[in-house]
A.B. asks: 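After the structure tokens below, expect a handful of questions from me.
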There are 2 protein chains.
Amino acid sequence: MLGSSQAIEANVYGGRVSSSAVPTSEPADRFERGTIRRIEAKEHVFCDGDPRTHVFRIEEGVIALSKLLGDGRRQIIEFAYPGDYIGLGTLREHIFDAQATCAAKVRCLSAAALEQEASRDASLALRLYKAVSAELAAARSLLVSVGQQSAMERLSGFLLSLSTRAPSESDETVVKLPMRRSDIADLLGLTIETVSRTITKLRTMRVIDVVRGTEVHILDSERLAELAGQ
Amino acid sequence: MLGSSQAIEANVYGGRVSSSAVPTSEPADRFERGTIRRIEAKEHVFCDGDPRTHVFRIEEGVIALSKLLGDGRRQIIEFAYPGDYIGLGTLREHIFDAQATCAAKVRCLSAAALEQEASRDASLALRLYKAVSAELAAARSLLVSVGQQSAMERLSGFLLSLSTRAPSESDETVVKLPMRRSDIADLLGLTIETVSRTITKLRTMRVIDVVRGTEVHILDSERLAELAGQ
DNA sequence: AACGGTTTGTAACAGTTTGTAACGGAGAAA
DNA sequence: TTTCTCCGTTACAAACTGTTACAAACCGTT
């Protein structure tokens with residue numbers, strides 16, 4: 001995203017349409033050359049309260065940004081997909097956990113160097129501005145869903161947003177869920193059981209089909225869009 | 001906020017701690033000199049879908065940023081208070097409504113001029129970056145509340161956030177609510193009735209007192225903080 | 001192949017929140 | 001003053017979601 005000057009489309013449910021598919025036209029600057037770090041499923045990239053030393057770009061897998069409440073409740077703020085950046089912002093410390101939902105790879109960039117460079121380079125600063133603006137739009141979209149929509153609307157919208165990310169081939173789109181039910185529940189402000197019930201309902205309505213729990217076949221994307229609230 | 005280089009404190013429930021109290025140390029640049037526009041209660045500053053021609057700084061009153069769903073449901077994204085900016089971002093068109101909850105004044109700044117200047121001036125671009133980062137933090141905080149907290153927790157937290165904004169004098173903080181119950185409900189993802197019932201409960205618990213519907217006296221801020229989930 | 005642990009699915013029940021409606025007060029308009 | 005409207009409060013029933021419990025499926029390991 002930072003590497004592209006394309007218009008950035010905000011997207012519901014935490015993600016953004018990744019620009020990783022669009023080869024960056026700019027010369028690879030120093031911020032494209034950080035070291036790669038492998039992250040196992042459920043491993044943390046950083047924790048709430050950690051000093052914000054690095055910004056990370058997702059290279060592979062999915063990272064969940066989340067806030068943990070004292071009594072164990074958890075809200076996932078967004079899922080970061082390949083091409084997305086996490087750890088942007090101006091605070092000294094992270095205020096969220098960043099945890100891989102599945103095996104992942106991230107590129108580590110020095111936050112201090114990034115900001116120092118941005119204070120001299122207006123175009124880099126503007127890229128930061130645009131990146132955070134896109135995150136803001138995504139967070140607000142999710143807020144609208146969680147604040148106003150029913151469980152069915154939220155889940156339908158979430159599946160739709162995943163399907164736009166996946167390579168939509170033939171009439172029947174297949175989405176591989178790269179996270180657990182509990183992650184989806186914590187993103188949408190629901191419980192695992194409600195997520196499970198709603199998926200079952202979508203299946204009995206023949207809107208989707210689920211194979212081995214993680215492979216969602218979208219049989220009627222039009223109906224799914226209606227259920228998501230247009 | 002843009003006018004200050006101070007650290008920006010993110011705040012739950014849509015607002016930010018305004019920097020308007022801190023006199024800007026920088027020379028008044030062109031973006032501090034837009035024309036002032038008076039807004040009546042319930043009047044729109046801009047609407048969802050309008051071309052994004054201006055950025056506005058709140059001078060007086062409160063502006064509610066909100067998204068209207070097809071069937072009338074509404075989610076308020078944030079309340080903007082004096083010193084805050086609305087209309088930032090990189091999209092061509094607004095994707096939210098901006099409506100005054102009470103009589104207000106805003107300063108109008110050309111979006112095109114702002115962005116053109118930012119593409120040359122790294123420090124301005126960084127200020128935009130920081131401003132949007134603060135909005136992002138606020139949006140995420142609200143998301144956590146709406147996604148995970150009970151009606152009582154959300155309302156207590158909202159009242160607390162208002163009290164930190166108000167001049168906290170003696171032992172008994174007084175908060176003047178600059179918006180209607182429906183605005184609070186739409187911010188917190190509740191109904192008017194639930195807001196009303198919860199306020200009544202807080203009153204019978206002698207945590208707050210309400211005078212003429214709009215004046216909230218916080219009698220036991222410690223208890224209120226507990227109810228808000230610490 | 002068998003085994004534990006994790007994850008998911010299903011069901012009954014409880015609880016909070018909502019929807020609907022009625023009532024009352026404050027303020028504006030006549 | 002009277003009337004009207006808007007807003008806030010309260011009550012009751014209903015709906016959705018959460019809670020709890022348990023069974024089934026899946027996974028990696030032994």
Side-chain angles (χ1 to χ4, degrees), chain A residues 40-43 64 69 71-75 99-103 145-156 158-159 176-205 208-216 227 229, chain B residues 40-43 64 69 71-75 99 101-103 145-156 159 176-205 208-216 227 229:
Chain A
E40 291 168 28
K42 296 194 171 183
E43 188 187 343
L69 273 61
D71 55 0
R73 286 176 289 180
R74 184 178 73 142
Q75 177 66 45
Q99 194 177 14
T101 67
C102 56
S145 295
V146 172
Q148 299 299 327
Q149 297 195 303
S150 68
M152 177 61 83
E153 289 174 313
R154 289 183 228 179
L155 195 68
S156 300
F158 173 69
L159 292 177
K176 180 88 171 62
L177 295 181
M179 70 287 287
R180 312 179 189 296
R181 298 288 184 276
S182 65
D183 294 322
I184 299 175
D186 288 347
L187 176 78
L188 301 178
L190 302 168
T191 58
I192 305 179
E193 291 82 353
T194 300
V195 170
S196 193
R197 266 191 300 240
T198 308
I199 288 180
T200 300
K201 203 176 292 178
L202 280 173
R203 227 167 25 174
T204 59
M205 293 163 71
I208 65 171
D209 192 20
V210 181
V211 180
R212 274 185 307 281
T214 63
E215 213 179 284
V216 177
L227 290 168
Chain B
E40 290 170 29
K42 296 193 170 186
E43 189 187 341
L69 272 60
D71 54 0
R73 285 176 290 181
R74 183 178 73 143
Q75 177 67 44
Q99 193 176 15
T101 69
C102 56
S145 295
V146 172
Q148 300 299 326
Q149 296 195 303
S150 69
M152 177 61 85
E153 289 174 314
R154 291 182 227 179
L155 196 67
S156 299
L159 292 177
K176 179 87 171 64
L177 295 181
M179 70 287 287
R180 313 176 191 298
R181 298 288 184 275
S182 65
D183 294 322
I184 300 176
D186 289 345
L187 177 78
L188 302 178
L190 302 169
T191 58
I192 304 179
E193 293 85 347
T194 301
V195 171
S196 191
R197 274 185 292 248
T198 308
I199 288 179
T200 300
K201 202 176 292 179
L202 282 172
R203 224 165 29 173
T204 60
M205 293 164 71
I208 65 171
D209 191 21
V210 181
V211 180
R212 274 186 308 281
T214 63
E215 214 178 283
V216 177
L227 290 168

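Chain identifiers are assigned alphabetically (A, B, ...) following the order of the sequence lines, protein sequences preceding nucleic acid strands; residue numbering begins at 1 within each chain.
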A.B. asks: Would you mind classifying the nucleic acid contact of B/Leu190 as base, sugar-phosphate or nothing, using non-hydrogen atoms under 4.0 angstrom?
C.D. replies: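 The answer is sugar-phosphate, as B/Leu190 gets under 4.0 Å only of primed atoms, P, OP1 or OP2.
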A.B. asks: May I ask you to verify if any side-chain N or O of B/Ser196 is less than 4.0 angstrom from the OP1 or OP2 atom of D/dG8?
C.D. replies: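 Answer no for this pair, as no side-chain N or O of B/Ser196 is under 4.0 Å from OP1 or OP2.
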A.B. asks: Map A/Val210 and A/Arg197 onto DNA chain C by nearest heavy atom, then report which one ends up closer to the 5' terminus.
C.D. replies: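 Nearest nucleotide further toward 5': that of A/Val210.
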A.B. asks: Is the phosphate of C/dT18 approached by B/Thr194 (side-chain N or O, under 4.0 Å from OP1 or OP2)?
C.D. replies: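 The answer is yes; a side-chain N or O of B/Thr194 sits under 4.0 Å from OP1 or OP2.
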A.B. asks: Would you kindly give the CG-to-C1' distance between A/Asp183 and C/dT8, to the nearest whole Å?
C.D. replies: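 Distance, rounded to whole Å: 13 Å.
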A.B. asks: Roughly, in whole Å, what's the span from CD1 in A/Ile192 to P in D/dT20?
C.D. replies: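 Rounded to the whole Å, the gap is 13 Å.
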A.B. asks: Please give, in whole Å, the distance from C/dT8 P to A/Asp186 CG?
C.D. replies: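 After rounding, the gap between these two atoms is 12 Å.
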A.B. asks: Considering only side-chain heavy atoms of B/Lys42, which listed nucleotide, D/dC12, D/dG18, D/dC6, is closest?
C.D. replies: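 Side chain of B/Lys42 sits closest to D/dC6.
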A.B. asks: Let me confirm one number: the OG1-CG distance from B/Thr198 to B/Leu190, rounded to the nearest 0.5 Å.
C.D. replies: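 Separation between the atoms: 7.0 Å.
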A.B. asks: For a side chain to side chain contact (heavy atoms under 4.5 Å, CB included) check, start with the C-alpha distance between A/Leu155 and A/Ile184, then their side-chain angles and the critical distance, and finish with the verdict.
C.D. replies: CA-CA 8 Å; A/Leu155 195 68; A/Ile184 299 175; 3.8 Å; yes
A.B. asks: Could you check how far CE of B/Met179 sits from C1' of D/dC7, rounded to whole Å?
C.D. replies: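 Checked: the CE to C1' distance equals 16 Å.
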A.B. asks: Any chance the side chains of A/Arg197 and A/Thr200 put a donor and an acceptor closer than 3.5 Å?
C.D. replies: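 The criterion, which ignores hydrogens and geometry beyond distance, is not satisfied for A/Thr200 and A/Arg197.
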A.B. asks: Taking for each residue the nucleotide of DNA chain D with the nearest heavy atom, is it A/Glu193 or A/Ser150 whose nucleotide lies nearer the 5' end?
C.D. replies: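 With A/Glu193 and A/Ser150 compared, the 5'-side residue is A/Ser150.
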A.B. asks: Do B/Asp183 and B/Arg74 sit within salt-bridge range, that is, some charged N less than 4.0 Å from a carboxylate O?
C.D. replies: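 Salt bridge present between B/Asp183 and B/Arg74.
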A.B. asks: If only side-chain N and O atoms of A/Thr200 are considered, is one of them under 4.0 Å from the OP1 or OP2 phosphate oxygen of C/dT10?
C.D. replies: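 Yes, within the criterion.
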A.B. asks: Round to a whole Å and report the spacing from NZ of A/Lys201 to P of C/dT8.
C.D. replies: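 Rounded to whole Å, this separation is 20 Å.
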A.B. asks: Expressed as a whole number of angstroms, how long is the span from A/Leu202:CG to C/dT8:P?
C.D. replies: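 About 17 Å, once rounded to whole Å.
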A.B. asks: Rounded off to whole Å, could you give me the CG-to-P distance for the B/Asp71 and C/dG19 pair?
C.D. replies: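 Checked: the CG to P distance equals 11 Å.
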A.B. asks: Which listed nucleotide (D/dG8, D/dT17, D/dG18) is nearest to the side chain of B/Arg181?
C.D. replies: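 Between D/dG8, D/dT17, D/dG18, the one nearest the side chain of B/Arg181 would be D/dG8.
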A.B. asks: To the nearest angstrom, how far is B/Glu153 atom CD from C/dT16 atom C1'?
C.D. replies: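 Checked: the CD to C1' distance equals 13 Å.
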A.B. asks: Under the criterion side chain to side chain contact (heavy atoms under 4.5 Å, CB included), I'd like the reasoning laid out for B/Leu202 against B/Ser156: C-alpha separation, chi angles, the key distance, then a yes or no.
C.D. replies: CA-CA 9 Å; B/Leu202 282 172; B/Ser156 299; 4.2 Å; yes
A.B. asks: Quick check on C/dT7: is either OP1 or OP2 less than 4.0 Å from any side-chain nitrogen or oxygen of A/Arg180?
C.D. replies: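 The answer is yes; a side-chain N or O of A/Arg180 sits under 4.0 Å from OP1 or OP2.
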